[in-house]
Each structure stands twice: as structure tokens, then as C-alpha cells.
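One structure below.
Residue numbering restarts at 1 for every chain, and letters A, B, ... go by the order of the sequence lines.
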Protein chains: 2
Amino acid sequence: MDSDDDSPFGYDAFQRTCPSHTVLEMLASKWVYLVVCALRRGRMRNGELARKLEGITPKMLTQTLRVLERDGLVRREVFPVIPPRVEYELTGLGRNLAGLLIQIRSWAEEHAPDIKEARARATEHQDA
Amino acid sequence: MDSDDDSPFGYDAFQRTCPSHTVLEMLASKWVYLVVCALRRGRMRNGELARKLEGITPKMLTQTLRVLERDGLVRREVFPVIPPRVEYELTGLGRNLAGLLIQIRSWAEEHAPDIKEARARATEHQDA
DNA sequence: ATCATCACTATCCATAAGGTACCTATATAT
DNA sequence: ATATATAGGTACCTTATGGATAGTGATGAT
């Protein structure tokens, strides 16, 4: 009850400079959450990630990893061998973000039923 | 270190049924975060919200409020007077979500500098 | 000689989110 | 008669995102 102010408006109303905006934009990307969760187990190769996250296309996997690398959440290590070998792992910041994701997941699991119930009631009323 | 498993994969790999997906999808919407934060102060009329969230268009404000209402986060009360008067307020679930948003904001404010630094380093290297 | 593997990379396309502009209704004020 | 305030709705357009598809280079296996 301390950071309990309206402060998103303190930055320029959620434009590019607001930290929350930066973070929520990251989390909104469809695969970021899954990739970070997958990497919590330890370093992994591109192929292992692709198998773990079934449904992801190579393009989206690479794209997601590049963004995470650019933002300092993932470290990328290339071994100069043939065939190529590349390993990814979370940085300290990345592991820290994983902690936040777990908080979000726990909130989600606790309250998803309420949301679903509300949605069900809403579609009922509109059908009526 | 308890919900410390890989469980997003327990649901069908982040498809529609995963609670985290539902919640992150909500938060990803550009205005949800701002509207919920604004409503933490108490009930408000459409016009007040519009003034507080400068930059939002009437369309997006209405659309955002309708989604929040449908999901049970906001209660909408219409007074049958002329000119029309409509008030919005957070439900219990909505106030609860606001709590999560504050956690996210606090993480964001703590770590945004690291992310910015990483991005700066990344663009440096690409320019070089 | 051909194929598969690994880790991408490039290109195109469909969808959807968000933005712009204009429309509604009614009562009061001028 | 006209303008204003209120709380929207609707049609249309642009852009960003994600997904599908195909291609790259090098080597080892068949």
C-alpha cells in the first residue's frame, strides 16, 4: 500500500518510456512465456526447444530467442562445429523474469475460473 | 520452489485453455493496464476516464471497458437519466488483478534499466 | 550421388488490433 | 434555431503480428 499511487501516469501515459509498458509488451509476445519457462530447466539447444514447444515454427523460435537475447534475458552460445551447435540459457535477469512469470501463472490459475464464469454469464445474457 | 515445474505445458501448450494464456492475453491489450489502474481510485464515469487516460479514443475506452466487464473485472452501472450517466468500478476480482499489476509494475521499474542497457549494447554491436 | 541433420533465413499472406472519422439520441443553455 | 454535453456506435483503413512455406550451407551416412 505504498506504491499504491497512480504512477503509470507519471511516465508519459504508457508511451514507450513506461517500464510497465516495456515489460507487458514482452510478455504479450505469444512465445516469450513458454520459451522462458522451458529454459528454466537449464541450457538447451534450438532443436530441444523446438521439440519441447510443439507447434512453434523455426522462425518464431529464432525470432523469440533473438528478442530475449537483445533484452538481456537469454544468453546465446555458438560452438563453431559442423553441424552447428547453439545453446541457450537464461541470464540472471531471465531467471528473475521467470519468477515474475510464476507469480502471474499462480494468479492466473487461482482466478481463471472466476473469469470463465463471468464470460459464461456474459454470453448467456447476450443470447437471451 | 514448489510450483516450480514446467506446468504451462500441462495445459495444451498454451492454447486457449491455459489460464496463463488467458491472463497474459488480457494484459497484452494496450489499455487494460491503464484502465484498471485508473479505476483503483474508485468509481468513475466514462468522461472522467477519458480525461485521465489522455490519448485513448472513445472507441478503445468503450471496447476495453466492455471486455473488462465481460470478464468480471469491472461493474457497469447505468443511470436512466438525460444526459446519460454511466459509472464504472472495479469488482473484487478487478481489485485483485490490480494487485498483480502492481507487482508487475514494481518488477518493471526495478529491472527496466537492465533491459534498456542490454538493448543499448545490442544496437551498439549491430552498428559496429 | 543423394539425402538427412542442424540452425537458421527470407519471403509471402492472413488475421487482428488499434486508430480515424463520423453517426446516434436527448435535454439544457443561448 | 443552434450549440453543447453525455455516452456511446459504426464503417473503414493501416499496421503489426504470427504462421506457412521454401531455401541456405556444410558434412556425414547410405
Nearest 0.5 Å, what's the CZ-CG distance between B/Arg41 and B/Leu90?
12.5 Å
Five-pair end axes of the helix from C/dA1-D/dT30 to C/dT30-D/dA1 and the angle they enclose, rounded to 10°:
30°
Scan for ring pair (Phe, Tyr, Trp, His ring centres under 6.0 Å) pairs involving residues 47-68 of chain B, sequence neighbours excluded, and state none if there are none.
none
Return each pair, listed once, that meets ring pair (Phe, Tyr, Trp, His ring centres under 6.0 Å) where at least one residue sits in residues 99-119 of chain B; pairs must be two or more places apart or across chains.
B/Trp107-B/His111
Could you go through nucleotides 3-12 of chain D and list every protein N or O atom that sits under 3.5 Å from one of its N or O atoms, giving the distance for each pair?
from	atom 1	to	atom 2	distance (Å)
D/dT6	O3'	B/Arg45	NH2	2.8
D/dT6	O3'	B/Pro84	O	3.0
D/dA7	OP1	B/Arg45	NE	2.8
D/dA7	OP1	B/Arg45	NH2	2.6
D/dA7	OP2	B/Gly47	N	3.3
D/dG8	OP1	B/Arg66	NH2	2.9
D/dG8	OP1	B/Arg76	NH2	2.7
D/dG8	OP1	B/Tyr88	OH	3.3
D/dG8	OP2	B/Asn46	ND2	3.0
D/dG8	OP2	B/Tyr88	OH	2.7
D/dG8	O5'	B/Asn46	ND2	2.8
D/dG9	OP1	B/Arg66	NH1	2.9
D/dG9	OP2	B/Arg66	NH1	3.3

Round to the nearest Å and state the distance from [X] atom [atom1] to [N] atom [atom2].
X: A/Met60; N: D/dA22; atom1: CE; atom2: P; result: 19 Å
X: B/Ile82; N: C/dT26; atom1: CD1; atom2: C1'; result: 4 Å
X: A/Leu34; N: D/dG18; atom1: CG; atom2: C1'; result: 14 Å
X: B/Leu53; N: C/dG18; atom1: CG; atom2: C1'; result: 15 Å
X: A/Ile56; N: C/dC8; atom1: CD1; atom2: P; result: 12 Å
X: B/Met26; N: C/dA17; atom1: CE; atom2: P; result: 15 Å
X: A/Phe79; N: C/dT5; atom1: CZ; atom2: P; result: 22 Å
X: A/Glu54; N: D/dG19; atom1: CD; atom2: P; result: 14 Å

Mind checking what makes salt bridge (Lys or Arg N to Asp or Glu O under 4.0 Å) contact with [X], not counting sequence neighbours?
X: B/Arg85; result: B/Glu87
X: B/Glu89; result: B/Arg43, B/Arg75
X: B/Arg121; result: B/Glu117

So side chain to side chain donor-acceptor pair (under 3.5 Å) across residues 56-72 of chain B, not counting sequence neighbours, yields A/Arg119-B/Asp71
Students should find that the hydrophobic cluster of A/Phe79, defined by side-chain heavy atoms under 4.5 Å apart, otherwise consists of A/Val81
Hey, does B/Leu34 have a side-chain heavy atom less than 4.5 Å from the side chain of B/Ile56?
no
